[in-house]
Amino acid sequence: MAEGENEVRWDGLCSRDSTARETALENIRQTILRKSECLRSVKETPHRPSDGLSNTESSDGLNKLLAHLLMLSKRCPFKDVREKSEFILKSIQELGIRIPRPLGQGPSRFIPEKEILQVGSEDAQMHALFADSFAALGRLDNITLVMVFHPQYLESFLKTQHYLLQMDGPLPLHYRHYIGIMAAARHQCSYLVNLHVNDFLHVGGDPKWLNGLENAPQKLQNLGELNKVLAHRPWLITKEHIEGLLKAEEHSWSLAELVHAVVLLTHYHSLASFTFGCGISPEIHCDGGHTFRPPSVSNYCICDITNGNHSVDEMPVNSAENVSVSDSFFEVEALMEKMRQLQECRDEEEASQEEMASRFEIEKRESMFVFSSDDDEVTPARDVSRHFEDTSYGYKDFSRHGMHVPTFRVQDYCWEDHGYSLVNRLYPDVGQLIDEKFHIAYNLTYNTMAMHKDVDTSMLRRAIWNYIHCMFGIRYDDYDYGEINQLLDRSFKVYIKTVVCTPEKVTKRMYESFWRQFKHSEKQSHCPDTACQKSGSECPLPREKHSPAPSPRGPVPTVREEELSIT
């Protein structure tokens, strides 16, 4: 942690007691004021004896403190903290010290800031949720602010994440954050890596581990292979992967530890997809989230340039502006008409099992030919790639070049009958939390489609869900896969496959190319952008028909409990 931050205690700002927050703010103000005066006097008298730190080190330490204050002035749910943080920043500016300003246009690069709930304008229920999140993490991050479109899901998500990271469990706290770093790094998600680097250090993690995976304990290094396959080609997971971790002698994992680790890995693989899929911006106090330079004439932020969103053909602010309102309206009407027709066909006749199996194989093959126009490999930055091995390993279609991977039938093994009991036995309460999140995610609909209300969207949501599983060779016997091509157009398929398989390649243009008349909240609720869609068992299908689907993202669905019972 940088010099300067070590001397400041931010914890007091998380208190529900306004007096405690006031005391903490005053201590922070005095510390920053003292550092600012010292830095100013050094600049005015260059030959003045220093306190052992170079001017650059002192300036960097102060800048980090000021960036943290800027974040609090914009993101803290407590009004007194926001106002006092802004006051301190102005006081420092009056001393002739440069203060930071936000870089970018809100929590998301894809969603206009004016459409996202502003901190300070939330209702009492949402304020309580914000306060809980801030008290637990010391921040109100951009993921939370974007996910707030769906308060019920957000509450479940935050509760699950809090339990995984901070409550009693098999793994020590610093291991949990390091596993989060490893998982996010596999998808090149520097946003999540940076957050958990700070959290890892905050709970006492060894800074040497952050220099590269080879500096971490052998036990964590051994998790690298499972992390790699789980993130990119989960159908290759076998019981041998699990045996290798459970029988590694002095570096072996217990069953409970491994379940905790796997849940963390899938959670952060999924959260990386949400982060890229919704265009989450860097946190204000992190690199790329603020600047000390005067306002630039350019409208682009650094994150746009690094993610390929600055190319000439993407310059329009919103690609939907290039399409007439009538064309977009027609797209919505056409989609609703297809849903109506498909429902009528269902009512009239039902395809045979052989026909549905054939349609699944057709859709499975076609999914291999869905890819973005910019399908070049993305080379991970050193800051991210040092947290994992084999940087060339990534997603490949599971049935390419004549290779055949057996279809996985969800009726053979499911979350409800197998995964839930295993997880809950080895990591109590987590199974219940995950199951609750699945239920909320599956039922997440407001019965709207663009300008239409009171619409049953279950057919469309199920097509999206089954298409994701189809890409991983997972089949539902009772689903007609011919519906997928009827309901999902190519631009939407490109976005879905990119978010699920190679999220680091998602661009703003992809996000804007589909459902142009839909609200941003609808894109989130219908698309595979929620963290639930790729985690643990992913989002369940209706319970009255059959059990929830197992995940293509974890070994639990393909390794049964009796196979894990290795001594």
Side-chain angles (χ1 to χ4, degrees), residues 9-22 24-25 28 67-87 89 102 104-108 111-167 191-192 194-196 198-199 202 267 271 274-275 278-286 289-290 433 436-437 440-441 444 446 520-521 524-525 529-532:
R9 294 297 304 271
W10 305 98
D11 297 355
L13 302 182
C14 300
S15 172
R16 303 302 182 98
D17 181 10
S18 60
T19 302
R21 295 198 300 269
E22 184 179 358
L25 281 165
I28 292 169
H68 201 117
L69 269 183
L70 177 66
M71 179 273 289
L72 293 172
S73 72
K74 303 291 184 183
R75 296 286 190 261
C76 183
F78 302 118
K79 184 178 180 181
D80 57 332
V81 175
R82 293 198 305 272
E83 292 178 345
K84 189 62 177 288
S85 297
E86 186 175 354
F87 172 77
L89 286 171
Q105 301 296 322
S108 167
I111 305 172
E113 186 173 14
K114 64 183 180 180
E115 296 189 31
I116 295 177
L117 180 66
Q118 300 298 305
V119 178
S121 61
E122 69 273 11
D123 59 24
Q125 182 179 3
M126 188 55 64
H127 176 77
L129 192 59
F130 280 175
D132 288 342
S133 178
F134 188 83
L137 299 173
R139 62 177 181 266
L140 195 59
D141 58 41
N142 289 339
I143 285 177
T144 298
L145 293 176
V146 172
M147 206 178 283
V148 80
F149 280 119
H150 311 292
Q152 187 184 14
Y153 179 81
L154 173 60
E155 183 175 8
S156 178
F157 169 83
L158 291 175
K159 186 166 57 174
T160 303
Q161 183 168 262
H162 176 69
Y163 193 92
L164 290 174
L165 293 176
Q166 295 176 289
M167 301 298 286
Y191 170 88
L192 289 174
N194 289 338
L195 284 185
H196 285 281
N198 291 332
D199 292 339
H202 183 72
H267 178 80
L271 203 51
F274 181 91
T275 300
C278 291
I280 301 296
S281 301
E283 296 298 324
I284 290 176
H285 61 300
C286 294
H290 64 273
L433 288 169
E436 174 188 298
K437 191 155 67 83
I440 294 172
L444 188 59
Y446 304 101
H520 294 287
S521 58
Q524 277 192 351
S525 64
D529 294 359
T530 55
C532 181

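In what follows, every heavy atom counts, from backbone to side chain, and hydrogens, waters and symmetry copies are set aside. Values in this document were obtained by computation on a predicted structure and should not be read as measured data.
The two atoms that bring R9 and I28 nearest to each other are O-CD1, 4.0 Å, heavy atoms only. Considering all non-hydrogen atoms of both residues, S281 and G106 come closest at OG-O, 3.1 Å. Of all non-hydrogen atoms in F130 and L145, the two that sit nearest each other are CZ-CD2, 3.9 Å. For the pair F274 and V146, the tightest heavy-atom approach, listed with the atom from each and the gap, is CZ-CG1, 4.1 Å. Taking all atoms of both residues into account, the shortest heavy-atom contact from K74 to V119 is O-CB, 3.7 Å. Here the closest heavy-atom approach between residue P77 and residue H127 is recorded as O-CE1, 3.0 Å.
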- Item | Test ring pair (Phe, Tyr, Trp, His ring centres under 6.0 Å) applied to H267 and F157, step by step | CA-CA 10 Å; H267 178 80; F157 169 83; 5.5 Å; yes
- Checking side-chain contact (heavy atoms from CB on, under 4.5 Å) for the pair L69/F87: CA distance, chi angles, key distance, verdict? CA-CA 10 Å; L69 269 183; F87 172 77; over 6 Å; no
- Worked verdict on Y163 versus L165 for side-chain contact (heavy atoms from CB on, under 4.5 Å): CA-CA 6 Å; Y163 193 92; L165 293 176; over 6 Å; no
- Message: salt bridge (charged side-chain N to carboxylate O under 4.0 Å, His left out), that's the test. Do R75 and E283 meet it? Break it down for me.
- Response: CA-CA 10 Å; R75 296 286 190 261; E283 296 298 324; 5.1 Å; no
- Show your working on side-chain contact (heavy atoms from CB on, under 4.5 Å) between E113 and Q118 and close with a plain yes or no. CA-CA 8 Å; E113 186 173 14; Q118 300 298 305; 3.8 Å; yes
- Mind running side-chain contact (heavy atoms from CB on, under 4.5 Å) on L271 and Y191 for me, showing each step along the way? CA-CA 10 Å; L271 203 51; Y191 170 88; over 6 Å; no
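Proximity of a side-chain donor or acceptor of T160 to a complementary backbone N or O of S156 within less than 3.5 Å is detected. Side-chain atoms of S108 come within 3.5 Å of backbone atoms of C278 as a donor-acceptor pair (strictly under, hydrogens ignored). Listed for the H285 side chain is no donor-acceptor partner under 3.5 Å among the backbone atoms of A67. Remark: side-chain polar atoms of H162 are not paired, donor with acceptor, to backbone N or O of M167 under 3.5 angstrom. At least one donor-acceptor pair under 3.5 Å links the side chain of S85 to the backbone N or O of V81. The closest donor-acceptor contact from the side chain of Q166 to the backbone of L164 lies at 3.5 Å or more, if one exists at all.
The distance from atom CG of L137 to atom CG of L195, rounded to the nearest 0.5 Å, is 9.0 Å. Annotation: the span from I280 atom CD1 to I143 atom CD1 amounts to 6.0 Å, rounded to 0.5 Å. Between the CZ atom in R82 and the CD atom in E86 there is a gap of 10.0 Å [rounded to 0.5 Å]. Going from atom CZ of R21 over to atom SG of C14 covers 10.0 Å, rounded to the nearest 0.5 Å. From E83, atom CD reaches atom SG of C76 across 11.0 Å, with rounding to the nearest 0.5 Å. Once rounded to the nearest 0.5 Å, the distance linking CG of D132 with CG of L158 reads 8.5 Å.
When the shell of 6.0 Å around CD of E115 is examined, it contains more than 12 heavy atoms from other residues, nucleotides or ligands. With a 6.0 Å radius and a threshold of 12 heavy atoms from other residues, nucleotides or ligands, E122 has its CD atom above the threshold.
A heavy-atom distance below 4.5 Å is not found between the side chains of I284 and R139. A heavy-atom distance below 4.5 Å is found between the side chains of K159 and L433.
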